[in-house]
There are 2 protein chains.
Amino acid sequence: MGNMTIKDIAKKCGVGVSTVSRAMNNHPDINPETKEKILQTIAESNYVPNNSARNLKRTDAKAIAVLVKGIGNTFFNDLVSGLERECQRMNYSCILQHVEEQEDELDIALHITKEKKPRGLVFLGGSFSHPREKMEQLEIPYVLSTIRAADMEEKYAAVSVDDFKESYKMTEYLINLGHERIAILTAPKEDKSIGKLRLLGYRKALQDYGIPYSEELVSYMNAEEDRYSFRSGYKLTKQLLQDTEFTALYATSDTMAIGACRALKEAGISVPAQCSVAGFDGMDTGEFYIPSITTIRQPVEKIAKATADLLFDMIKGKEKPHQLVFEGELLKRESTVPPVKRKF
Amino acid sequence: MGNMTIKDIAKKCGVGVSTVSRAMNNHPDINPETKEKILQTIAESNYVPNNSARNLKRTDAKAIAVLVKGIGNTFFNDLVSGLERECQRMNYSCILQHVEEQEDELDIALHITKEKKPRGLVFLGGSFSHPREKMEQLEIPYVLSTIRAADMEEKYAAVSVDDFKESYKMTEYLINLGHERIAILTAPKEDKSIGKLRLLGYRKALQDYGIPYSEELVSYMNAEEDRYSFRSGYKLTKQLLQDTEFTALYATSDTMAIGACRALKEAGISVPAQCSVAGFDGMDTGEFYIPSITTIRQPVEKIAKATADLLFDMIKGKEKPHQLVFEGELLKRESTVPPVKRKF
DNA sequence: TTGTATGCGTTATCAA
DNA sequence: TTGATAACGCATACAA
């Protein structure tokens with residue numbers, strides 16, 4: 001039987017449709033026996049309630065939407081998987097929507113909110129610098145995951161590591177290894193999000209250790225291109241090598257670090273012997289790479305779970321928006337060693 | 001204004017709701033001027049039609065569902081992105097659903113079909129060996145993407161490379177380099193899908209070139225684990241190294257190839273000097289890896305687009321299910337060289 | 001070319 | 001504890 005409806009079930013059980021609805025939705029005011037019988041019948045009939053009808057009636061959909069900006073960074077894939085799993089656990093649908101680099105994630109969010117009526121939103125990636133008034137048009141709960149704007153409104157819900165601190169940690173580690181000329185691959189100049197924070201962490205560490213900050217060691221991604229990708233890491237390093245010298249290179253993502261390694265290799269520079277390379281994120285690929293990539297591991301599973309939990313709690317009204325910060329872990333691996341002293 | 005409906009627009013324009021509906025849905029029987037005016041008003045009011053109501057009325061949702069089995073293989077991510085993009089182009093929603101290794105993708109498909117009423121389905125990954133009768137319960141069009149069962153029903157729609165042929169190509173290439181002891185990392189023994197086909201291609205090539213097939217060179221993935229992942233490549237190679245010797249290793253995915261490289265490295269075997277390594281898929285990560293990984297490039301974008309096109313055509317009734325085969329490309333890269341003659 | 005009225009499958013309100 | 005019935009927002013058959 002192709003298209004059973006709630007009516008068919010009702011008829012089959014000799015009850016009214018509202019009783020069937022109650023049975024399905026765990027309403028309290030129903031006779032346990034009736035309920036049992038109805039659920040039984042439903043199971044046997046392999047009837048599945050029509051989602052659209054439910055959502056129409058409910059005026060919202062039992063779903064959350066996840067907006068992902070930037071696909072070159074495979075880091076998000078793990079997060080998305082985690083979020084999707086949490087949704088399944090909560091019996092929510094997960095609407096996935098990619099946002100192109102040049103698109104405005106907030107516009108898309110606004111649109112999807114009206115169209116699909118999800119109960120909540122997760123923003124992944126992108127630099128999040130929207131005017132407050134525009135953000136307020138978003139009338140449903142949302143969580144920024146692994147995003148944190150430099151000047152972020154405190155009232156936004158967000159889950160992430162402390163990018164400034166973690167980046168400081170990494171830079172400090174490189175400095176303590178003895179590096180002084182540390183190049184960095186970072187987000188476009190305009191970035192106000194994690195890219196900026198990581199750059200600031202880098203600068204602060206240099207400053208604290210009395211190492212002059214030099215613009216020529218900073219390579220900014222191209223705003224139009226896919227950010228944090230293998231290719232951008234490769235290209236930025238190529239450019240860098242033409243202009244300057246350094247004993248360590250800090251790429252602000254693992255994928256970029258691997259791209260960087262190839263550029264170094266093509267320039268005849270061996271990693272880590274002649275140049276140390278560090279990444280950020282802690283992805284599998286960096287663990288298996290040779291040399292394995294020193295990195296800051298973000299606790300992806302925890303972040304995914306916390307993001308989902310926070311969002312669901314906000315949807316239930318059990319929580320107000322607030323910010324959760326997880327500790328990153330500095331993974332010292334093969335790609336970083338003390339510098340060979342060279343003269344410049 | 002938070003919740004505009006079609007009525008509000010109708011009122012605003014001084015027309016009936018059906019006229020508004022016609023304007024939105026490109027119906028022919030409408031005065032171009034009226035239509036223009038209505039669309040104008042809609043744009044100004046930032047009204048977005050309620051999807052659930054539409055879908056309810058239509059009895060199906062303007063959506064396709066994509067079922068992805070196996071998340072360790074990042075190859076699928078690119079495919080999913082491509083599919084999602086095509087959906088956006090066609091103004092379809094894309095429902096993404098991950099399927100765990102031990103779950104039955106067909107059961108999930110059957111369920112989602114009833115619940116969300118998508119107009120079509122895409123299956124990614126998984127070995128597809130379901131009884132014909134059960135498949136026939138699926139009453140909407142579906143396409144198997146980058147899957148092909150060894151004994152697949154001809155009437156299934158499928159888009160992929162010819163895994164047998166491509167695998168043959170790769171093995172032949174390794175043989176022509178001079179390798180005779182070629183280990184292979186392959187799907188679990190029970191697999192009846194691309195894993196089996198790739199293994200068969202390998203066997204056939206060996207046979208054609210008079211090289212004896214040896215079970216000890218075949219390392220089967222664990223059925224419970226995440227397939228085609230870095231980790232499985234790593235583990236399988238570790239095991240292999242304990243049991244036997246070989247001059248080339250053919251991993252049936254790029255991710256596994258990279259995992260294998262690490263296991264070889266830990267065993268003190270350098271790639272490619274002492275052991276060649278080849279992959280399959282043609283992912284970015286293999287291009288940037290050092291040494292870059294020889295592989296069979298699957299034309300992901302083309303496959304994604306063809307999958308979507310075929311599915312949409314089937315939905316429109318313009319096409320019957322059929323199978324599309326794309327040519328893979330053997331990318332000869334740094335990870336494979338002629339063998340150093342050793343004695344065994 | 002247009003408007004009115006009906007129904008899609010649910011959930012929620014109300015009266016029984 | 002139940003059942004009839006009215007929405008939910010839209011698309012469409014039918015009448016105008």
(Q) Rounded at 0.5 Å granularity, tell me how far CE in A:Met24 sits from CZ in A:Arg54. (A)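 Atom-to-atom, A:Met24:CE and A:Arg54:CZ are 5.5 Å apart.
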(Q) Students often get this wrong, so: under 4.0 angstrom with heavy atoms, is B:Val20 touching a base, only sugar-phosphate, or nothing? (A) nothing
Q: Please list, chain by chain and in numerical order, all residues satisfying ring pair (Phe, Tyr, Trp, His ring centres under 6.0 Å) with B:Tyr47, sequence neighbours excluded.
A: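 Partners of B:Tyr47 by the ring pair (Phe, Tyr, Trp, His ring centres under 6.0 Å) criterion come out as none, since no residue qualifies.
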Q) For the side chain to side chain donor-acceptor pair (under 3.5 Å) test, which of A:Arg119, A:Lys117, A:Lys116 pairs with A:Asp60? A) A:Arg119
Output a table of nitrogen or oxygen pairs between the protein and nucleotides 8-10 of chain D separated by less than 3.5 Å.
residue : atom : partner : partner atom : Å
D:dG9   : N2   : B:Ala53 : O            : 3.4
D:dC10  : OP1  : B:Tyr47 : OH           : 2.5
D:dC10  : OP1  : B:Asn50 : N            : 3.0
D:dC10  : OP2  : B:Ile6  : N            : 2.4

Q. Taking DNA chain D as the partner, which of residues 26-37 of chain A come within under 4.0 angstrom of it by heavy atom?
A. A:Asp29, A:Ile30, A:Asn31, A:Thr34
Q) Are more than 12 heavy atoms from other residues, nucleotides or ligands located less than 6.0 Å from atom CD of B:Glu44? A) yes
Q | Main-chain N/O of A:Lys320 paired with A:His322 side-chain donor or acceptor, under 3.5 Å | A | yes
Q: Output all residues satisfying side-chain hydrogen bond (donor to acceptor under 3.5 Å, both in side chains) with A:Lys35, sequence neighbours left out; order by chain, then residue number.
A: A:Asn26
(Q) Let's go through B:Ser145 and B:Thr307 carefully: what are the C-alpha distance in whole Å and the side-chain angles of both, what is the deciding distance for side-chain hydrogen bond (donor to acceptor under 3.5 Å, both in side chains) to 0.1 Å, and is it a yes or a no? (A) CA-CA 6 Å; B:Ser145 194; B:Thr307 299; 2.9 Å; yes
Q. Is the shortest side-chain N to carboxylate O distance from B:Lys305 to B:Asp309 below 4.0 Å?
A.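 A salt bridge links B:Lys305 with B:Asp309.
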Q | Residues which pass salt bridge (charged side-chain N to carboxylate O under 4.0 Å, His left out) with B:Asp313, listed by chain and number, not counting sequence neighbours | A |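 Testing B:Asp313 for salt bridge (charged side-chain N to carboxylate O under 4.0 Å, His left out), a comparison that skips the adjacent residues, returns B:Lys318.
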Q: Using a 4.5 Å cut-off on heavy atoms from C-beta on, say whether the side chain of B:Thr146 contacts that of B:Ile194.
A: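 Result no, sub-4.5 Å side-chain heavy-atom pair not found.
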Q.
Please identify the 5'-most and 3'-most nucleotides of DNA chain C with any atom under 4.0 angstrom from a heavy atom of chain B.
A. C:dT1 to C:dG9
